[in-house]
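Comments concern the structure below.
Here the structure is a predicted model, which is why all the values come from computation and not from measurement.
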Amino acid sequence: MTQYEGDFRGSNFGNAPGSNFGHAPGSTFHGVVNTGGEAQQEELRRLLDQLVSVVARHQNELADPQGTSTAVELLREEVAGEQRPNRLTSFLAMLTASAGGVSAITEAAAKLKDLVTGML
């Protein structure tokens, strides 16, 4: 993550609705902008693929197969979309809870959560 300080009037940081951080003349902006880039995105996709694979291998051990499937689908949609770290973390918690005590899933989810936490 990189901190930028200065005058960012009219700058648009991203293409998501509401992401225009323009300010009135004479005002300044101070904030943190995540500059993880493509390498971080690739790692996120790789870890998600790994998690999906682990879930598939342990399908017959899941405490709540439907809940797990829902959580996996929500994670996929979020990774393909805006990638809001708080939502990703929530979906990972949902997945872990619905997986029950399957340690392989918990470990794979923890790796993904570590990366997501770094995105905050």
Side-chain angles (χ1 to χ4, degrees):
M1 241 183 268
T2 305
Q3 281 198 347
Y4 293 95
E5 193 170 339
D7 185 358
F8 289 86
R9 284 187 296 260
S11 297
N12 188 339
F13 295 95
N15 58 4
S19 66
N20 189 338
F21 293 112
H23 292 277
S27 65
T28 59
F29 172 81
H30 176 78
V32 178
V33 178
N34 188 342
T35 58
E38 187 58 35
Q40 186 180 47
Q41 297 302 310
E42 185 59 37
E43 181 68 2
L44 184 65
R45 287 187 291 270
R46 186 186 71 74
L47 288 175
L48 179 60
D49 289 345
Q50 197 173 56
L51 177 61
V52 169
S53 177
V54 170
V55 168
R57 279 196 311 268
H58 294 278
Q59 189 70 32
N60 61 344
E61 301 171 49
L62 299 174
D64 178 6
Q66 182 60 42
T68 304
S69 294
T70 299
V72 166
E73 187 57 35
L74 291 169
L75 280 164
R76 284 181 171 166
E77 289 174 9
E78 192 67 23
V79 167
E82 291 183 48
Q83 297 179 8
R84 296 162 290 197
N86 291 335
R87 287 180 55 98
L88 286 166
T89 302
S90 295
F91 297 150
L92 286 167
M94 179 181 166
L95 176 101
T96 302
S98 62
V102 181
S103 61
I105 294 174
T106 303
E107 291 170 12
K111 288 179 186 177
L112 190 54
K113 185 178 178 184
D114 288 345
L115 179 63
V116 169
T117 301
M119 294 169 65
L120 293 173

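- Side chains of Leu112 and Leu44 form a contact here, defined as non-hydrogen atoms less than 4.5 Å apart.
- With sequence neighbours excluded, no residue forms a side-chain hydrogen bond (donor to acceptor under 3.5 Å, both in side chains) with Ser69.
- Taking the side chain as every heavy atom from C-beta outward, Val54 and Val102 never approach each other to under 4.5 Å.
- A 4.5 Å side-chain heavy-atom check between Leu51 and Leu95 finds at least one atom pair inside the cut-off.
- Between Ala99 and Ile105, the shortest heavy-atom contact is CB-CG2, 3.7 Å.
- In this view, Glu43 and Arg46 satisfy the side-chain hydrogen bond (donor to acceptor under 3.5 Å, both in side chains) rule, not counting sequence neighbours.
- Pairs of residues two or more places apart, or lying in two chains, that qualify as side-chain hydrogen bond (donor to acceptor under 3.5 Å, both in side chains) and include a residue from residues 92-115 are Thr68-Ser98.
- Residue Phe91 holds its CZ atom at 12.0 Å from CG of Leu48, rounded to the nearest 0.5 Å.
- Minimum heavy-atom separation, Ala104 to His58: CB-NE2, 3.5 Å.
- Residues Leu74 and Glu78 fail the side-chain proximity criterion, which asks for heavy atoms closer than 4.5 Å.
- Between Met94 and Gly67, the shortest heavy-atom contact is CE-O, 4.0 Å.
- One distance of note links CZ of Arg45 with CD of Gln40; it measures 10.5 Å at 0.5 Å rounding.
- Classification of Glu77 and Arg87 as a salt-bridged pair fails, no side-chain N sitting under 4.0 Å from a carboxylate O.
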